[in-house]
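Worksheet for the structure shown next.
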Amino acid sequence: MTTSRRLSDRKTAKFQKNITRRGSVPETTVKKGNDYPVGPVVLGFFIFVVIGSSLFQIIRTATSGGMA
């Protein structure tokens with residue numbers, strides 16, 4: 001299988017062009033903000049439920065004399 005010199009030079013030039021272009025990607029102008037995976041309302045509701053249930057459990061344990 002023989003390849004002409006012209007064809008191999010063309011392939012080499014294309015390869016070298018891709019190598020020099022790689023890494024010269026401009027930075028994005030739009031900065032990505034710190035997005036939370038859930039909304040603040042859902043997060044607040046979750047914290048309210050967790051703290052409320054723990055307080056309810058503490059009060060229930062205290063009123064039953066520690067034998068919940």
Side-chain angles (χ1 to χ4, degrees):
M1 192 177 203
T2 60
T3 306
S4 69
R5 177 81 173 172
R6 186 172 33 118
L7 182 61
S8 65
D9 287 342
R10 192 169 43 201
K11 285 184 178 184
T12 304
K14 183 179 177 184
F15 178 76
Q16 292 298 330
K17 187 172 98 177
N18 285 338
I19 293 297
T20 56
R21 262 194 347 209
R22 187 179 299 165
S24 63
V25 178
E27 293 288 326
T28 57
T29 57
V30 178
K31 294 287 182 183
K32 195 172 188 183
N34 293 335
D35 290 334
Y36 297 109
V38 295
V41 174
V42 175
L43 188 61
F45 180 72
F46 178 73
I47 291 172
F48 172 75
V49 168
V50 168
I51 292 175
S53 64
S54 63
L55 285 176
F56 180 72
Q57 185 68 31
I58 291 170
I59 291 170
R60 196 170 110 198
T61 304
T63 56
S64 67
M67 302 295 286

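Bear in mind the structure is a predicted one, so any value in this text is a computation, not a measurement.
Taking CZ of Arg6 as the reference point, atom CZ of Arg10 lies at 6.5 Å (rounded to 0.5 Å). Annotation: the span from Thr12 atom OG1 to Leu7 atom CG amounts to 9.0 Å, rounded to 0.5 Å.
Under a hydrophobic-cluster definition in which Ile, Leu, Val, Met, Phe, Trp and Tyr are linked whenever side-chain heavy atoms come within less than 4.5 Å, directly or via other members, Leu55 and Phe46 are assigned to different clusters.
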